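Encoded as structure tokens, the structure appears first; notes follow it.
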Amino acid sequence: MDADFFDRVWEVVDRIPRGRVTTYGHIAGYLGSRSAARTVGWALGAAKNTPLPCHRVVNRHGALTAAQRFGGPHVMSDMLRNEGVEFDDEGCVRLDLHLWDPAGE
DNA sequence: ATGTTGACATTGA
DNA sequence: TTCAATGCCAACA
């Protein structure tokens, strides 16, 4: 592919449907490197100037690790809630209900 | 050019 | 079960 690792990440993230979330591991695994989850997060950080729904990407535990990069932990959670995403008492996204697979749909 | 860091995940002990 | 170490790719010092 002509696209770099970052571009591929952005492409996948851009395909995340509204009200749905995915994890770094799933994206990385979809790109061919399941352990490249770190690079995936990096791509999102580099995409801060792009229209990517980075708030739909959470870690394997469903925790909003990127919320701190949004400028506030409540900002990200609020956006997800606005999309209909549910959270548990721990403030983590219910992956069992909203987990979206790049290769799934 | 080399080493460290970074929004993570997985495996081994 | 929990903790530590390793892998991945790119950017920064």
Side-chain angles (χ1 to χ4, degrees):
Chain A
M1 301 298 262
D2 294 353
D4 292 313
F5 201 92
F6 276 36
D7 293 326
R8 287 183 242 176
V9 173
W10 299 336
E11 190 176 347
V12 174
V13 175
D14 187 50
R15 285 177 183 172
I16 302 175
R18 178 183 167 285
R20 210 65 76 163
V21 296
T22 191
T23 71
Y24 303 94
H26 275 102
I27 298 173
Y30 178 69
L31 297 179
S33 299
R34 67 183 188 192
S35 304
R38 305 178 80 161
T39 317
V40 173
W42 241 85
L44 298 179
K48 61 182 190 291
N49 284 333
T50 69
L52 292 176
C54 346
H55 55 273
R56 290 180 190 156
V57 184
V58 296
N59 64 3
R60 208 236 159 300
H61 301 290
L64 310 178
T65 47
Q68 300 177 50
R69 250 109 302 227
F70 271 69
H74 59 86
V75 178
M76 188 169 178
S77 56
D78 186 59
M79 282 199 297
L80 289 170
R81 284 189 186 228
N82 194 354
E83 296 190 351
V85 177
E86 295 182 42
F87 291 81
D88 56 16
D89 284 343
E90 296 181 359
C92 300
V93 179
R94 296 206 162 180
L95 300 176
D96 293 347
L97 303 177
H98 307 289
L99 180 57
W100 174 83
D101 233 306
E105 297 293 305

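Computed from a predicted model, the values in this text were never measured in an experiment. Numbers restart at 1 for each chain; the letters A, B, ... are given by sequence-line order, proteins then strands.
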> Taking the same atom, C1', in C/dT2 and in B/dA7, what whole-Å distance lies between them?
Replying inline: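 It comes out at 24 Å once rounded to the nearest Å.
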
>> Roughly how many Å apart are C/dG7 and B/dG3, using the P atom of each and rounding to a whole number?
In response: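 Those two atoms are separated by 16 Å.
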
> Across all strands, who's sitting opposite C/dT6 as a Watson-Crick or G-U wobble pair, both distances under 3.5 Å?
Replying inline: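 Its partner is B/dA9 (Watson-Crick or G-U wobble, both distances under 3.5 Å).
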
> Between A/Leu80 and A/Phe87, is a side-chain contact (heavy atoms from CB on, under 4.5 Å) present by the stated rule, with each step listed?
Replying inline: CA-CA 9 Å; A/Leu80 289 170; A/Phe87 291 81; 3.5 Å; yes

>> The test is side-chain contact (heavy atoms from CB on, under 4.5 Å); show your working for A/Val9 and A/Thr39 and say whether it passes.
In response: CA-CA 9 Å; A/Val9 173; A/Thr39 317; over 6 Å; no

> A/Thr22 versus A/Tyr30: any side-chain heavy-atom pair under 4.5 Å?
Replying inline: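 No - every pair of side-chain heavy atoms lies 4.5 Å or more apart.
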
Hey, does the side chain of [X] reach the backbone of [Y] with a donor-acceptor pair shorter than 3.5 angstrom?
X	Y	value
A/Asp14	A/Glu11	no
A/Arg20	A/Trp100	no
A/His98	A/Glu86	yes

>> Within the 4.0 Å limit for protein heavy atoms, which parts of nucleotides 6-13 of chain B are touched? Write it as a string from 5' to 3', B for base, S for sugar-phosphate only, - for none.
In response: BBBSS---

> Using a heavy-atom cut-off of 4.0 Å to chain A, what are the terminal contacting nucleotides of DNA chain C, in 5' to 3' order?
Replying inline: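 Span of nucleotides near chain A: C/dG7 to C/dA11.
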
> Are A/Phe6 and A/Val57 in one and the same hydrophobic cluster, where Ile, Leu, Val, Met, Phe, Trp and Tyr link if side-chain heavy atoms are under 4.5 Å apart?
Replying inline: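 Linked within one cluster.
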
>> Checking A/His61 against A/Glu90: is there a side-chain donor and acceptor pair closer than 3.5 Å?
In response: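 Side chains of A/Glu90 and A/His61: no pair found under 3.5 Å.
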
